[in-house]
Amino acid sequence: MRQAQKDSSDKKEGKKKREESPTPDDGHKCRVCRFPLLIALLQLPLGVAVTAVAFLMLAISPSLLARETPHWAGIILCLVSILGFVLYCITYIPDERTSKQFIVKLLYFVLCMIGLVISVLVMAFAAHHYEQTSSFICEEKAEACICILDKEDLLARTFTYKGVSDCEVITGTLTLYFLIQIFLNLAQALVCAVGAFIMWKHRYQVFFAGLQIGSPSTQQWQKV
């Protein structure tokens, strides 16, 4: 009888604690503001914009290198955004007992860090090429645009852009696209950094170390 009464009191206490704990419905007032939905909603249009601008740059001349047209970076960042939507759709469990949720969260954190590094690299390349194309001296030769940085330097490197009939596209339009890529990737880097920071702060920064005391049913912990 005493054991049955004890089990009954433990169940009542556990039920009371569950009732006092915050429910997932508390965050329904602003679904769009919840993490990681807001981050994913920012990452997706930025990734699409980076990809679109990169393909517009590639349409100017097939001579442009992959580092000059970072469509690959935009595609990777779109995948990061999709993973963020998947993470939002998974049931929110604070103690991360499900391996599925833990793997998705870890992947999202890692991909946010990779997205941050990629955005910084693309931004660095875009800034370098923006400064370079702004100083170009170009002339048209046989359906191509030949550009150099200094006419007086006989050893100066020559840049050939095939399929370009008007060199103004290189010195004007392409330069503008590089500038747009700088701002887009700067915004994307900031969003990825915020996403990784929030994930680290709320899931991996605070670790609890302690000893379990009392009965196992009450799950009381004390720091050591």
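Atom-to-atom distance recorded for Leu190:CG and Leu46:CG is 10.0 Å, nearest 0.5 angstrom. Rounding to the nearest 0.5 Å gives a distance of 11.5 Å between CE of Met123 and CD of Gln181. Within the model, atoms SG of Cys147 and CD1 of Ile137 stand 9.5 Å from one another, a figure rounded to the nearest 0.5 Å. From Cys192, atom SG reaches atom CG of Leu116 across 6.5 Å, with rounding to the nearest 0.5 Å. Expressed to the nearest 0.5 Å, how far OG1 of Thr69 lies from CG of Leu174 amounts to 10.0 Å. Rounded to the nearest 0.5 angstrom, Cys112 SG and Leu77 CG are separated by 9.5 Å.
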Take Ile146 and Tyr161 through the test side-chain contact (heavy atoms from CB on, under 4.5 Å) and record every step on the way to the result. CA-CA 6 Å; Ile146 312 298; Tyr161 296 95; over 6 Å; no
Worked verdict on Tyr108 versus Ile39 for side-chain contact (heavy atoms from CB on, under 4.5 Å): CA-CA 11 Å; Tyr108 186 70; Ile39 301 297; 3.3 Å; yes
Can you check side-chain contact (heavy atoms from CB on, under 4.5 Å) on Val53 and Leu184, steps first, answer last? CA-CA 10 Å; Val53 173; Leu184 287 176; 4.0 Å; yes
Please step through side-chain contact (heavy atoms from CB on, under 4.5 Å) for the pair Leu149 and Arg157, ending with a clear verdict. CA-CA 7 Å; Leu149 291 173; Arg157 180 182 174 184; over 6 Å; no
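When side chains are defined from C-beta on, Val50 does not count as touching Trp72, because their heavy atoms never get closer than 4.5 Å. Using a 4.5 Å cut-off on side-chain heavy atoms (C-beta onward), Tyr177 and Ile60 make contact.
Take Thr51 and apply the side chain to side chain donor-acceptor pair (under 3.5 Å) test, not counting sequence neighbours, and it matches no residue. For Phe136, the ring pair (Phe, Tyr, Trp, His ring centres under 6.0 Å) criterion is met by Phe159, not counting sequence neighbours.
Under the 3.5 Å distance criterion, the side-chain polar atoms of Ser61 are matched with a main-chain donor or acceptor of Lys162. A donor-acceptor pair under 3.5 Å is formed between the side chain of Ser135 and the backbone N or O of Glu131.
Leu44 and Ile75 fall into different hydrophobic clusters, where Ile, Leu, Val, Met, Phe, Trp and Tyr residues are linked whenever their side-chain heavy atoms come under 4.5 Å apart, directly or through other members. If you chain together hydrophobic residues whose side chains sit under 4.5 Å apart, Leu58 and Leu179 never meet in one group. Cluster membership check: Leu121 does not share its hydrophobic cluster with Ile118, using side-chain heavy-atom separations under 4.5 Å among Ile, Leu, Val, Met, Phe, Trp and Tyr.
Residue-environment remark: CD (Glu140) exceeds the threshold of 12 foreign heavy atoms within 6.0 Å. For Phe85, the CZ atom counts as densely surrounded, since its 6.0 Å shell holds more than 12 non-hydrogen atoms of other residues, nucleotides or ligands.
For residues 111-132, the ring-ring contact (aromatic ring centres under 6.0 Å, His included) pairs, not counting sequence neighbours, are His129-Phe178.
Of the two cysteines examined, Cys138 and Cys167, the SG atoms fail the criterion of being under 2.5 Å apart.
Side chains of Ser134 and Thr175: no donor on one and acceptor on the other come within 3.5 Å.
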